[in-house]
Novice: 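Structure incoming, see below.
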Amino acid sequence: MSEVLSESPIYPPKENVKPISQISSLDEYKNLYNFSINHPEEFWAEQAKRLTWFHPWENVLDDDFSEADVAWFSGGKLNVSHNCIDRHLKDKAEKIALIWETDEPGEAKTYTYSQLKHEVCRIANVLKASGVKKGDCVCLYMPMMPELVFSMLACARIGAIHSVVFAGFSAESLRDRIIDCGCKVIVTANESKRGGRCYPLKNIVDKAIQGLTLVEKVFVAKRTLTEIEMQPGRDLWLHEEVQKERRSCPAEWMSSEDPLFILYTSGSTGKPKGLMHTQAGYLLYASMTFEYVFNYHPKDIYFCAADIGWITGHTYLVYGPLSVGATTVLFESTPLYPDPGRYWEVIEKHKVNIFYTSPTAIRAVARFGKDYPAKYDLSSLRVLGSVGEPINPEAWKWFYETIGRGECTLVDTWWQTETGGIMITPLPGVTDMKPGSATLPFFGVNPCLVDDNGLELTENNTNGNLCIKKPWPGMARSIYGDHQRYVETYFTQYPGLYFTGDGCKRDEDGFYWISGRIDDVINVSGHRLGTAEIESSLTSNPLVAEAAVIGIPHQIKGMGICAFIVPSVEASSFSVDEISGTIKQQLRNDIGAFALPDQLQIVKGLPKTRSGKIMRRILRQIAIGEHEDLGNLSTLAEPNVVDDLIKQLKTR
Ligand code: WTA
């Protein structure tokens, strides 16, 4: 990273966005930034005018940050779906809200704001009729289809909390999430379609809720023509139910701090956590960051390629764009289907102006060279965005030059499920771009670097643990049902600060360079996985005695999974292929196919300290072939294990 720092080229802000920039110069950014930090209440009170309130708020901020007890705009009443739909109907009823680009390239389906309202209200009425009330949690396990967006907004409309579960998760993971937030109602689809293949979503739901009396209703959207089994009394076709309902539904008055949604994410320990976001602060932050970071203007066509199953899809495919009345593209397919030109085809076809994706996706298409992008007219693009993992300078440059033709602003946006919205990012027309750096904090965001003892590193040119000092409106308020865990996970490591889990450098210009997770979280293709979560699945298999999982660099995915397992006595009658096949199946069942290891090493023993702690540092070094100097091994219980490991891996 230090080489990158000293050699990093600087790309000055683009002129073509300047006339239409929300902020026109670095000085203006600095002034407003300083104001937002020194006078947060005044700053956010002014910004809160972006939202439509049913009843005005009383206090901008009540907080006890160190206890993670934070309330924004208390006393206020509003409705998120009203803010994302109804308030646009006066002058944008016929504007396209959603463009659905289906898996098979063909005719895209569009929905105007007025149609969006009807679709959302009918689903809201279906949910209400099935007994869903304000404060109930509804699980959405769906493909990237419009009914997913409608269902999220339908929940928001009636005050229900949605919990979207990424459709790549297994039945077991889905079951855990349904139980954790007590969902009585699930919305799913018969199948999902991706990359020319169909996946049996409803079957997975059936498995997930087998024997669960908690679940009363399963609504099934019809994505394909495939027949499925419907359990009478429990399962209903969504398209049949909406036919019975009215196209209007009153928007519930919600308090600013009522929950809006739960989204599960992995951490270093234990089961995935259901992070809870609330109404007003989240929406305000989503809305403002969307407009400023992407230099959004009312005629723009905006395309975020993220899956709605993750936070990027929540904030920047649905809530941010719809809150400002934008046209947002919902993309069902993959960057490689039917060929690696798919993104560019979509951009040409819809004349996309703003395109937001991940480094993994960029690397996946960059492998195929410049021929695919060259076939399409990409001149509509003005702003490109990257999120989810550190972007390596090569991928940055490819994106900037090949896709942006050197004429677009590229915003490398750092944020997390927990932060609700973008926290560190360039602003188009304002900030210098340095490939690999997320650059400077957004308004109201107060980052700091601390050393391992929690001492703040105030100088530039330093490396430390990235923390946030003050509350911001988009922050998650809790872990659903376990506030203590929220406090312990994020607010106790460095008292008084929110700890992000990321390592970071601040360079001589005060620019932030996120280097990645320093806890036991692996970011695989931008999907967050806890090593503990994978290990617990591995060790639950009778063929496995011990397991250790580490992240290793991966050319396309950013990080890959390397799993070391020590077979159990029972495994002695199985071949290596049989063991690894069983283990992979176990991971597929427990988590999902995206948790399969890139390297599975079946070994005799793991390096441990005398107190039994696995020394992951050593495993990491061995896995990447840097075992010449393994540093201090004196704390190892059995130093021979290391030699055996090296020998074993070398002979493969
Ligand atoms: C990583 C995704 C470097 C980081 C919105 C963070 C990044 C985790 C960037 C959150 C970036 C996200 N540069 N690293 N621009 N953006 N990350 O919760 O490690 O899925 O902690 O949220 O992704 O992942 P999550």
Side-chain angles (χ1 to χ4, degrees), residues 81 119-143 145-167 169-192 199-223 226-246 249-252 254 258-264 271-272 274 276 308-309 480-482:
S81 98
E119 300 291 348
V120 168
C121 286
R122 293 202 304 186
I123 296 186
N125 287 328
V126 167
L127 294 176
K128 262 185 170 172
S130 73
V132 175
K133 297 198 178 46
K134 185 171 169 175
D136 288 349
C137 186
V138 176
C139 175
L140 309 178
Y141 183 68
M142 300 183 76
M145 70 193 291
E147 283 75 0
L148 170 54
V149 178
F150 304 155
S151 302
M152 293 165 82
L153 292 164
C155 288
R157 194 156 192 95
I158 62 172
I161 306 166
H162 59 70
S163 163
V164 179
V165 177
F166 171 57
F169 275 117
S170 68
E172 198 57 38
S173 296
L174 176 60
R175 184 184 178 88
D176 287 347
R177 286 157 174 77
I178 291 168
I179 296 172
D180 188 66
C181 54
C183 297
K184 286 188 279 195
V185 171
I186 299 172
V187 188
T188 186
N190 56 344
E191 290 187 310
S192 66
Y199 298 88
L201 287 201
K202 170 65 165 53
N203 275 349
I204 299 174
V205 171
D206 287 342
K207 257 189 234 149
I209 61 177
Q210 207 169 27
L212 263 194
T213 49
L214 167 75
V215 178
E216 292 165 7
K217 284 274 172 287
V218 178
F219 293 104
V220 187
K222 196 169 191 167
R223 175 59 193 94
T226 307
E227 295 288 327
I228 50 160
E229 241 174 75
M230 298 287 274
Q231 183 175 308
R234 188 195 71 185
D235 303 345
L236 294 162
W237 286 104
L238 188 62
H239 66 276
E240 288 175 5
E241 295 310 300
V242 293
Q243 291 304 329
K244 302 175 191 161
E245 296 297 335
R246 291 167 61 97
C249 168
E252 196 72 34
M254 303 300 291
D258 282 336
L260 175 64
F261 66 84
I262 296 167
L263 186 59
Y264 287 84
K271 289 203 165 202
M276 188 186 87
I308 294 180
Y480 188 72
D482 195 349

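These values consider heavy atoms only, across backbone and side chains, with no hydrogens, waters or symmetry-generated copies.
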Novice: Which heavy atom in Ile161 sits nearest to a heavy atom in Tyr480, and how many Å separate them?
Specialist: CD1-CE1, 4.5 Å

Novice: Drop me the distance from Ser151's OG to Leu140's CG, to the nearest 0.5 angstrom.
Specialist: 5.5 Å

Novice: Run the numbers on Lys217 and Ile186 for side-chain contact (heavy atoms from CB on, under 4.5 Å), then give the verdict.
Specialist: CA-CA 6 Å; Lys217 284 274 172 287; Ile186 299 172; over 6 Å; no

Novice: Suppose we screen for side-chain hydrogen bond (donor to acceptor under 3.5 Å, both in side chains). Which residues come up paired with Arg177, at least two apart in sequence or across chains?
Specialist: none

Novice: Tell me which pairs pass side-chain hydrogen bond (donor to acceptor under 3.5 Å, both in side chains) where either residue lies in residues 128-142, with sequence neighbours left out.
Specialist: none

Novice: Assess whether side-chain contact (heavy atoms from CB on, under 4.5 Å) is satisfied between Cys139 and Val185, documenting all intermediate values.
Specialist: CA-CA 6 Å; Cys139 175; Val185 171; over 6 Å; no

Novice: Find the distance between OG (Ser163) and CG (Leu263) and round it off to the nearest 0.5 Å.
Specialist: 7.5 Å

Novice: I need the full list of salt bridge (Lys or Arg N to Asp or Glu O under 4.0 Å) pairs touching residues 146-161, with sequence neighbours left out, sorted by first then second residue.
Specialist: Asp86-Arg157

Novice: Who pairs with Ile228 by side chain to side chain contact (heavy atoms under 4.5 Å, CB included), at least two apart in sequence or on another chain?
Specialist: Asn190, Lys202, Val220, Met230, Trp237

Novice: With Asn203, which of Asp206, Val205, Leu201 fulfils side chain to side chain contact (heavy atoms under 4.5 Å, CB included)?
Specialist: Asp206

Novice: Apply side-chain contact (heavy atoms from CB on, under 4.5 Å) to residues Ile123 and Phe219 and explain how you reach the verdict.
Specialist: CA-CA 10 Å; Ile123 296 186; Phe219 293 104; over 6 Å; no

Novice: How many angstroms lie between CZ in Arg246 and CG in Asn125, if you round to the nearest 0.5 Å?
Specialist: 8.0 Å

Novice: Under the side-chain hydrogen bond (donor to acceptor under 3.5 Å, both in side chains) rule, collect the residues that match up with Glu172, sequence neighbours excluded.
Specialist: none

Novice: What's the spacing between Gln243 CD and Leu238 CG if we round to 0.5 Å?
Specialist: 10.0 Å

Novice: For a quick test of reading the model, state the closest non-hydrogen atom pair linking Val218 to Thr188 and the distance between them.
Specialist: CG1-CG2, 3.8 Å

Novice: Looking at every heavy atom in both Gly309 and Val164, which two are closest together, and how far apart are they?
Specialist: CA-CG1, 3.9 Å

Novice: Looking at residues at least two apart in the chain, or sitting in another chain, which of them share a side chain to side chain contact (heavy atoms under 4.5 Å, CB included) with Ala208?
Specialist: Ala171, Leu174, Arg175

Novice: Lys271: which residues meet the side-chain hydrogen bond (donor to acceptor under 3.5 Å, both in side chains) condition with it, sequence neighbours left out?
Specialist: Asp176

Novice: Which pair of heavy atoms, one from Ala124 and one from Ala154, lies closest together, and at what distance?
Specialist: N-CB, 3.5 Å

Novice: Hey, does Cys181 have a side-chain heavy atom less than 4.5 Å from the side chain of Tyr264?
Specialist: yes

Novice: Please find the pair of heavy atoms, one from Val215 and one from Cys183, that lie closest to each other, and give the distance.
Specialist: CG2-O, 3.7 Å

Novice: Among residues at least two apart in sequence or on other chains, which ones pass side chain to side chain contact (heavy atoms under 4.5 Å, CB included) with Phe166?
Specialist: Phe169, Asp307, Trp310, His527, Phe594

Novice: Are Cys137 and Ile262 close enough, and set up right, to give a side-chain contact (heavy atoms from CB on, under 4.5 Å), and what steps lead you there?
Specialist: CA-CA 8 Å; Cys137 186; Ile262 296 167; 4.0 Å; yes

Novice: Can you name the salt bridge (charged side-chain N to carboxylate O under 4.0 Å, His left out) partners of Glu191, sequence neighbours left out?
Specialist: none

Novice: Only counting residues at least two apart or in another chain, list the ones meeting ring-ring contact (aromatic ring centres under 6.0 Å, His included) with Phe150.
Specialist: Tyr111

Novice: side-chain hydrogen bond (donor to acceptor under 3.5 Å, both in side chains) with Asp258: which residues, sequence neighbours excluded?
Specialist: none

Novice: Considering non-hydrogen atoms only, spot the tightest contact between Glu252 and Gly159 and give its length.
Specialist: CB-N, 4.2 Å

Novice: Nearest 0.5 Å, what's the CD1-OG distance between Ile204 and Ser192?
Specialist: 7.5 Å

Novice: Which value, rounded to the nearest 0.5 Å, describes the distance between Ser81 atom OG and Leu260 atom CG?
Specialist: 10.0 Å

Novice: The criterion is side chain to side chain contact (heavy atoms under 4.5 Å, CB included); which residues satisfy it with Gln231, sequence neighbours excluded?
Specialist: Arg234, Asp235

